[in-house]
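Quick caveat: nothing in here was measured; it's all calculated off a predicted structure.
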Amino acid sequence: MSERVLYHEPGVGWIAVLWGPLFAVLGWLSELLLGGPVHTFAWILVGLALCAITAPWVYARRRYLSLEVTTAGYRQGRETVPAADIVAVTDIGAPAGARVLGGGWAVPRKYDELPVKLADGTVVLAWAKDAEALRDALSRIIGTHEDKEDSADTDSANTGES
């Protein structure tokens with residue numbers, strides 16, 4: 001069975017790489033319209049340099065600030081938590097010093113945190129731009145996981161297995 005994506009945040013779009021070349025085109029057009037000397041080669045170099053600086057920034061943000069909730073689990077930055085390990089996402093307090101998912105020291109600025117209780121009893125901090133949508137998606141995979149366990153328990157009870 002293929003994994004279905006329930007919620008996704010990319011971190012940043014690749015369109016940000018075009019900001020530098022756009023700035024260079026605007027600079028070139030301003031020189032052209034003002035009637036002074038036009039430094040075409042210099043503006044091409046500026047556009048390429050800004051593009052080269054922006055590409056690693058976009059790559060890093062897409063790698064470390066992206067998240068995805070699928071029917072199989074939850075991926076936050078560099079870390080993946082299987083759906084079976086997620087126990088609860090509602091009515092959980094965040095204890096001081098709770099580990100942040102994704103490998104960071106703290107929840108990134110401009111992101112909302114969401115405490116998540118794992119199967120081993122620990123509480124970790126997930127984070128997203130839209131914490132409510134993340135909570136809904138995680139609740140759906142918890143419900144799906146519980147439904148599968150209930151049906152497996154029912155099947156084993158019906159067949160006399162234990």
Enquirer: Output all residues satisfying side-chain contact (heavy atoms from CB on, under 4.5 Å) with A52, sequence neighbours left out; order by chain, then residue number.
Expert: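 Checked A52 against side-chain contact (heavy atoms from CB on, under 4.5 Å); zero matches.
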
Enquirer: Between P115 and L125, what is the shortest heavy-atom contact and its length?
Expert: CA-CD2, 4.1 Å

Enquirer: Group every Ile, Leu, Val, Met, Phe, Trp and Tyr by side-chain heavy-atom contacts under 4.5 Å, then state whether L67 and V107 land in the same group.
Expert: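 L67 and V107: separate clusters.
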
Enquirer: Checking the side chain of E31 only, and the main-chain atoms of H39 only, is there a donor and an acceptor separated by less than 3.5 Å?
Expert: yes

Enquirer: In terms of hydrophobic clusters joined by side-chain contacts under 4.5 Å, are L26 and L18 together?
Expert: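 As far as the 4.5 Å side-chain criterion goes, L18 and L26 are not connected within one cluster.
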
Enquirer: What's the shortest heavy-atom distance between S66 and P10, and which atoms?
Expert: CB-O, 3.4 Å

Enquirer: Could you see if V25 belongs to whatever hydrophobic cluster contains L32? Use Ile, Leu, Val, Met, Phe, Trp, Tyr and a side-chain cutoff under 4.5 Å.
Expert: yes

Enquirer: Got a sec, which pairs hit salt bridge (Lys or Arg N to Asp or Glu O under 4.0 Å) with one end in residues 56-75, sequence neighbours left out?
Expert: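 As it turns out, there is no salt bridge (Lys or Arg N to Asp or Glu O under 4.0 Å) pair with a partner in residues 56-75 once direct neighbours are skipped.
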
Enquirer: Below 4.5 Å, heavy atoms only, C-beta onward: do Y59 and W14 meet side chain to side chain?
Expert: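 With C-beta onward as the side chain, the pair touches.
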
Enquirer: Are T40 and W28 close enough that a side-chain donor and a side-chain acceptor fall under 3.5 Å?
Expert: yes

Enquirer: Answer whether the closest heavy-atom distance between the side chains of V17 and W57 falls below 4.5 Å.
Expert: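 They are not in contact (no side-chain heavy atoms under 4.5 Å apart), so the answer is no.
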
Enquirer: How long is the gap from CG on D112 to CG on L134, to the nearest 0.5 Å?
Expert: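 Result: 10.0 Å between the selected atoms.
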
Enquirer: Are any non-hydrogen side-chain atoms of V69 and V5 less than 4.5 angstrom apart?
Expert: no

Enquirer: Under a 4.5 Å cut-off applied to non-hydrogen side-chain atoms, are L6 and T70 in contact?
Expert: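 They are not in contact (no side-chain heavy atoms under 4.5 Å apart), so the answer is no.
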
Enquirer: Short question: side chain of T71, backbone of R4 - any donor-acceptor pair under 3.5 Å?
Expert: yes

Enquirer: Considering all heavy atoms of both residues, which atom of A16 and which atom of T54 are nearest to each other, and what is their separation?
Expert: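 Shortest heavy-atom contact: O-CG2, 3.4 Å.
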
Enquirer: Of all heavy-atom pairs between S30 and G27, which one has the smallest distance, and what is that distance?
Expert: OG-O, 2.7 Å

Enquirer: How far does NZ of K129 sit from CG of L65, to the nearest 0.5 angstrom?
Expert: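 Answer rounded to 0.5 Å: 8.0 Å.
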
Enquirer: Mind running side chain to side chain contact (heavy atoms under 4.5 Å, CB included) on V123 and V116 for me, showing each step along the way?
Expert: CA-CA 5 Å; V123 175; V116 175; over 6 Å; no

Enquirer: Please confirm whether the backbone N or O of L118 pairs with a side-chain atom of T122, one donor and one acceptor, at under 3.5 Å?
Expert: no

Enquirer: Does the side chain of W127 come within less than 4.5 Å of K110's, by heavy atoms?
Expert: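 No, too far: nothing below the 4.5 Å cut-off.
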
Enquirer: When rounded to the nearest 0.5 angstrom, what is the spacing between CG in L138 and CD1 in I142?
Expert: 6.5 Å

Enquirer: According to the interplanar angle, ranging from 0 to 90°, do the rings of F23 and W43 count as parallel (below 30°), tilted (30 to 60°) or perpendicular (above 60°)?
Expert: perpendicular

Enquirer: Distance-only criterion, 3.5 Å: show the donor-acceptor pairs between side-chain atoms of residues 87-104 and protein atoms not counting sequence neighbours.
Expert:
from: R99; atom 1: NH1; to: E79; atom 2: OE1; distance (Å): 3.1
from: R99; atom 1: NH1; to: E79; atom 2: OE2; distance (Å): 2.7
from: R99; atom 1: NH2; to: E79; atom 2: OE2; distance (Å): 3.2

Enquirer: Just checking, any donor-acceptor pair under 3.5 angstrom between side chains of Y111 and E113?
Expert: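 Checked: Y111/E113 side chains show no N/O donor-acceptor pair below 3.5 Å.
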
Enquirer: Please indicate whether L33 has more than 12 foreign heavy atoms, meaning atoms of other residues, nucleotides or ligands, lying under 6.0 Å from its CG.
Expert: yes

